[in-house]
2 protein chains.
Amino acid sequence: MTLDALPTHQGGAEQLARLLAQALLAGHWQPGDVFPRELDIGKHFAVSRNQVRNALTSLTAAGLLERTAGRGTLVREIGDWHLLDPLMSEWMTGLINLDPQLVRAIYAFRYSAEPVVAGLAAQAAQAEDIERLESAFAGMESSAGSVEARAEHAEYDVAFHDATYRASHNLVWRQMGHLLRPSIMALIHRSQHRTDTLDDSLARHRQVLDAIRNRDASGAESAAREVLRRTAIDLGIVN
Amino acid sequence: MTLDALPTHQGGAEQLARLLAQALLAGHWQPGDVFPRELDIGKHFAVSRNQVRNALTSLTAAGLLERTAGRGTLVREIGDWHLLDPLMSEWMTGLINLDPQLVRAIYAFRYSAEPVVAGLAAQAAQAEDIERLESAFAGMESSAGSVEARAEHAEYDVAFHDATYRASHNLVWRQMGHLLRPSIMALIHRSQHRTDTLDDSLARHRQVLDAIRNRDASGAESAAREVLRRTAIDLGIVN
DNA sequence: GTCTAGTAAATGTCTGACATTTCCACAAGC
DNA sequence: GCTTGTGGAAATGTCAGACATTTACTAGAC
């Protein structure tokens, strides 16, 4: 794999890191491949060696690359990637072609975790948390009708789940929710929402909201599970 | 807070990053405080500005610091820390004086998550997973008697929990377990194990192992909950 | 008083040189 | 023939200095 296939670069080291990372996430290089040298990258994108090094430092920190003085830069295998690294999370945003294996793993995680989180939220939610959930749900409702508002609907959907994690009032879960944002977005974009299934999805979200509002922990748990069952159907994981 | 209270530094930028990060994790600086300037740090530890910048880049990536050209470096509040960053995980290893707020948050997360993980493990565990759990438990048993084997016992304890996460056969949970390693270690070191409580802890771990071996998901869930109740008592969170 | 220009101080960036590590080839010695 | 050592090439790692950019503060003009 050469650099020629990549789009032209514009901006600082962060942009360059994002560009290279997404190329790696899309599988443009195979694990074990040697990555281009610093000087070549710098020459190709017309940036200083400093910028290249800063970018490569990020990719290395995320477990995508392995660098050794004298040998060069190697591409690591998927199992070594730091999926929960915030940088990864950022790079995955807007990336639609996720590995199917990864999609299933993330779904399975959410199916096991999110009911618990919803239960915690029902216990710990405060007024502002309820407000966030309500406004996200209202956004989902208002953007449910039209087809062109699909992106907007996805935003509100993600906001709803994020608000749920946040309402648990646990530092770790909250971060988890933040990190899962792009994954959830990818799942939503993969799931084909027809209008009838959309109504069903809305109804299930509403039950989560109501249960949290009523401080009904076990109700929130089962409602969250129902939301994810709906997601599974839309994803084609089950029928 | 000045730099004078910190131990002397020896090694590269990673060592320096670790040193500064641990000082931050221990709460030596308050959120909002200004962090020492690059040149001062370099002078104090007798390292080049480059090393300092590399170290500070890591701390910034982990959400510990916020740097702005012209203003300087500020310490961010605990809610902004990237607790799930692998770097954090590394820095927390061997650190016994964790922020109490952090200890409670991590414990609360484990109390909500680990039962679910144990349940998944009971469903998905394969022969090698059971083996890992068994050998970890055997190590815990053999090192339970003597006082001098306390560090060894902690190792096996951590290995047991790690094996549980791994047995869930979910990529995300597995990484989660890996990231939680140092936190779990810190929790174990904080908990004062007397010999009588240690027997109790062992018995509860055994129940988790048995439930997973018998593919008893709900049994594993409640057993894992019991293990964490024991931990809570040892931590002094509850009586 | 208020706005503005200027100045100091901090982080960000570029550049070139040098250090260190690794691999490879080639030759010497047993 | 096999090992061993030695040297050079190539890659990343480190350093030092100058310069750029951003920010906050201050002094002065009006």
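No hydrogens, no waters, no symmetry mates; every other heavy atom, side chains included, goes into these values. Sequence lines set the chain letters: A, B, ... in the order given, protein chains first and strands last, and positions in each chain run from 1.
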Are there more than 12 heavy atoms of other residues, nucleotides or ligands under 6.0 Å from atom CD of B:E14?
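Open.
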How about NE2 on B:H178, more than 12 heavy atoms from neighbouring residues, nucleotides or ligands closer than 6.0 Å, or not?
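Atom NE2 in B:H178 is not packed in, count stays at 12 or less.
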Where at least one partner belongs to residues 76-91 of chain A, residue pairs that pass side chain to side chain donor-acceptor pair (under 3.5 Å), sequence neighbours excluded
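Counting only pairs at least two positions apart or across chains, no side chain to side chain donor-acceptor pair (under 3.5 Å) contact touches residues 76-91 of chain A.
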Just how far, in rounded Å, is [atom2] of [N] from [atom1] of [X]?
{"X": "A:E14", "N": "C:dG12", "atom1": "CD", "atom2": "C1'", "answer": "12 Å"}
{"X": "B:L74", "N": "D:dT23", "atom1": "CG", "atom2": "C1'", "answer": "12 Å"}
{"X": "A:K43", "N": "C:dC14", "atom1": "NZ", "atom2": "P", "answer": "17 Å"}
{"X": "B:L56", "N": "C:dT13", "atom1": "CG", "atom2": "C1'", "answer": "16 Å"}
{"X": "A:I41", "N": "D:dA10", "atom1": "CD1", "atom2": "C1'", "answer": "15 Å"}
{"X": "A:F35", "N": "D:dT12", "atom1": "CZ", "atom2": "P", "answer": "11 Å"}
{"X": "A:L59", "N": "D:dT12", "atom1": "CG", "atom2": "P", "answer": "13 Å"}
{"X": "A:L39", "N": "C:dT15", "atom1": "CG", "atom2": "C1'", "answer": "13 Å"}

Summarise how protein sits on nucleotides 14-22 of chain D as a single string, 5' to 3': B when a protein heavy atom is under 4.0 Å from the base, S for sugar-phosphate-only contact, - for no contact.
BBS-B---B
Test side-chain contact (heavy atoms from CB on, under 4.5 Å) applied to A:T73 and A:V34, step by step:
CA-CA 6 Å; A:T73 303; A:V34 294; over 6 Å; no
C:dG12 phosphate, OP1 or OP2: any side-chain N/O from B:R67 under 4.0 angstrom?
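B:R67 to C:dG12 OP1/OP2: side-chain N or O found under 4.0 Å.
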Within the structure, does a side-chain N or O atom of B:T73 lie under 4.0 Å from either OP1 or OP2 of C:dA10?
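Checking C:dA10 against B:T73, no side-chain N or O comes under 4.0 Å of OP1 or OP2.
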With ring centroids as reference points, do A:F160 and A:H205 lie under 6.0 angstrom apart?
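Under 6.0 Å, so yes.
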Are any of the side-chain heavy atoms of B:M92 and B:I106 separated by less than 4.5 Å?
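Yes, at least one pair of side-chain atoms sits under 4.5 Å.
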